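Read through the structure below, which is laid out as structure tokens, and then see the notes.
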Amino acid sequence: MVSAKQGASRTARRPLVSGNWKMHHDHIEALHAVRDLGLRLKREEAALVDVSVHPPFTDLRTVQVLLEGEGIPVMLGAQHCHTEDAGAFTGEVSPRMLARLGVRFVIVGHSERRRLFGMTDEVVAATLVAVLRHQLTPICCVGESAEERDAGRTEARLEAQLRGALAGLSPEQLGSLVLAYEPIWAIGTGRAATPVDAQDAAGFLRGIVGEIGGAEAARSVRIQYGGSVTAENAAELLAEPDIDGLLVGGASLQAASFHDIIRAVVACYRSDAA
Ligand code: 13P
């Protein structure tokens, strides 16, 4: 069977499926959810697809111990962090603290942080630098609102966010990033972007990475789609050549639905390898 992933696999971009739990699951619920995921996730699946979970800060230590103790092939992620390593920043958590906990990925500039907590492009850029300083991989989120989309300003918005965020990164750093295209109107609405629209945006973002950091950076940067991802739409989104993974909110909270999405992605890459 021929799959549209052939172009992507030739560049050896590993798919990444990430579960952003947002402010859900206390540490006990987290324990159950990750243990359940560990029972479902097969070694062969994890060999083909990178999987990360991004619990709230209070759950990180519990999940770290569980993942390491039981050898569950899931990587630990965080949802946010501060730009500094330490200091008088009441309520904040530093990238250094996350690195010490074995965190591998940090979501940076999620639209909820931008809209609800005033995170600017400048702060997003500084946070990317801070995360990279600790050898963590940022998942940098960009996306347009419904109004921007209706006004035909999607590309202008994405370009402004991306150029603002990536200012100051080297081509190597750019290539090591994960970008997430998350249209705001698709988040938590049950109305995912069509594969064609998601591909248009992902291809556009990859083109800008190329303009900033060159062809190699564009080839290696991984781009996720996020916004109402389910097991039903995961495969068609992943089939698009510039979409290398998924950032999943609601459907990542239960191990069963998250694992169904991972399985759909695995099937897409397996048919590609065949
Ligand atoms: P949903 O999958 O719940 O739409 O959330 C998407 C999201 O914001 C992931 O970061």
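We count residues from 1, following the sequence as given. Atoms within a ligand are numbered from 1 in the order they appear, just like the ligands themselves. Being a predicted model, the structure only gives us computed values, none of them experimental.
If you number the atoms of ligand 1 from 1 as listed, the ones under 4.0 Å from a heavy atom of G250 come out as 1 (P), 2 (O), 3 (O). Near L247, meaning under 4.0 Å from any of its heavy atoms, are these atoms of ligand 1: 9 (C), 10 (O). With ligand atoms numbered from 1 in the order given, ligand 1 contributes 4 (O), 6 (C) to contacts under 4.0 Å with heavy atoms of G227.
Polar contact with ligand 1: present for G188 (N/O pair, distance under 3.5 Å). By the 3.5 Å distance cut-off applied to N or O atoms, G249 is counted among the residues near ligand 1.
A side chain to side chain donor-acceptor pair (under 3.5 Å) with H110 is found for one member of H54, E182, R115 and no other, namely E182. Screening E148, E147, E144 for a side chain to side chain donor-acceptor pair (under 3.5 Å) involving R157 leaves a single residue, E148. D244 pairs in a side chain to side chain donor-acceptor pair (under 3.5 Å) with only one of the listed residues (R222, Q224, R206), which is R206.
The side-chain heavy atoms of V123 and T120, taken from C-beta on, include a pair separated by under 4.5 Å. Using a 4.5 Å cut-off on side-chain heavy atoms (C-beta onward), M119 and T127 make contact.
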- Item | Full working for side-chain contact (heavy atoms from CB on, under 4.5 Å) between V178 and L247 | CA-CA 11 Å; V178 179; L247 183 52; over 6 Å; no
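Contacts between N20 and ligand 1, counted as non-hydrogen atom pairs separated by less than 4.0 Å, involve the side chain only.
Between G226 and ligand 1 there is no heavy-atom distance shorter than 4.0 Å.
Taking only non-hydrogen atoms, the option from E182, H110, Q224, E112 nearest to atom 6 (C) of ligand 1 is E182.
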